[in-house]
Amino acid sequence: MNIVLIGYMGSGKSLVGRCLSETIGSEYLDLDDYIEAEEKKTIKNIFEEKGEVYFRKKEHFYLKKVLGAFENTVISLGGGTPCFSGNIEIINKLAEGRSIYLQTGVDELVERLFGEKNKRPLIAHLDTKEALQDFIRKHLFERSFYYNQAAYKIITDKKALNDIVAEIQAILK
Ligand code: S3P
């Protein structure tokens with residue numbers, strides 16, 4: 001069975017996912033990396049050349065593809081994946097109750113994302129920490145409706161990577 005990690009940009013989905021898969025000895029897949037490999041373009045370039053609507057269509061297509069094709073895999077999704085095209089219902093159905101929301105507070109997200117915002121098309125234009133914080137606060141509020149539909153939620157603030165992984169193992173036992 002697959003384990004699906006969801007959460008806002010910078011919530012640690014990829015880091016936690018990789019560490020969890022190593023700990024439990026399963027495969028690991030990052031949906032953004034998969035899309036980039038299949039489309040032979042970075043997410044940044046897809047947004048720039050084709051726009052967000054096109055990206056969301058591709059994201060929906062590849063989400064269904066990987067959830068159907070992979071087994072015993074830890075899968076990290078993009079921050080927006082659960083929030084479009086009925087994807088959260090698909091995730092919950094195909095991940096058979098093994099979806100986990102990594103919940104991270106706004107202040108910690110700002111600290112993590114400010115230095116690497118240029119890789120992320122939705123926040124690259126925000127020049128100050130204050131602007132980033134305003135954006136994240138509103139965006140996270142809108143997206144929480146979808147994130148909260150995950151089967152489980154783990155608060156990641158101020159927790160070490162190993163502790164987060166141990167918490168996930170404990171809830172999925
Ligand atoms: C997005 C998050 C990104 C990536 C794309 C859009 C979003 O993934 O899918 O830039 O809408 O939140 P990460 O959460 O891995 O940064």
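Both counts, for ligands and for their atoms, begin at 1 and track the order of listing. In this text, all values refer to a predicted model and were calculated from it rather than measured experimentally.
The ring-ring contact (aromatic ring centres under 6.0 Å, His included) contacts involving residues 145-173 comprise Tyr101-Tyr147, where partners must be two or more places apart or lie in separate chains.
Near ligand 1, Met9, Lys13, Asp32, Ile43, Phe55, Arg56, Gly78, Gly79, Gly80, Arg120, Pro121, Leu122, Arg143 each place a heavy atom less than 4.0 angstrom from the ligand.
Using modelled atom types and a 3.5 Å distance limit, the side chains of Asn92 and Ser99 yield a donor-acceptor pair.
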Please report, to 0.1 Å, the donor-acceptor pairs under 3.5 Å made by any side chain of residues 81-88, with sequence neighbours excluded.
{"residue": "Thr81", "atom": "OG1", "partner": "Glu59", "partner atom": "OE2", "Å": "2.8"}
{"residue": "Thr81", "atom": "OG1", "partner": "Gly78", "partner atom": "N", "Å": "2.9"}
{"residue": "Thr81", "atom": "OG1", "partner": "Gly78", "partner atom": "O", "Å": "3.0"}
{"residue": "Asn87", "atom": "OD1", "partner": "His60", "partner atom": "ND1", "Å": "2.6"}
{"residue": "Asn87", "atom": "ND2", "partner": "Thr81", "partner atom": "O", "Å": "2.8"}
{"residue": "Asn87", "atom": "ND2", "partner": "Phe84", "partner atom": "O", "Å": "3.1"}

Return all side-chain donor-acceptor pairs below 3.5 angstrom for residues 159-173, not counting sequence neighbours, or 'none' if the list is empty.
{"residue": "Lys159", "atom": "NZ", "partner": "Ile155", "partner atom": "O", "Å": "2.5"}
{"residue": "Lys159", "atom": "NZ", "partner": "Glu167", "partner atom": "OE2", "Å": "2.9"}

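Both cation-pi conditions hold for Lys117 and Phe114: the charged atom is under 6.0 angstrom from the six-membered ring centre and inside a 45 degree cone around its axis.
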* Please assess Asn2 against Glu96 for the test side-chain hydrogen bond (donor to acceptor under 3.5 Å, both in side chains), listing each intermediate value before the final yes or no. => CA-CA 8 Å; Asn2 296 324; Glu96 298 170 81; over 6 Å; no

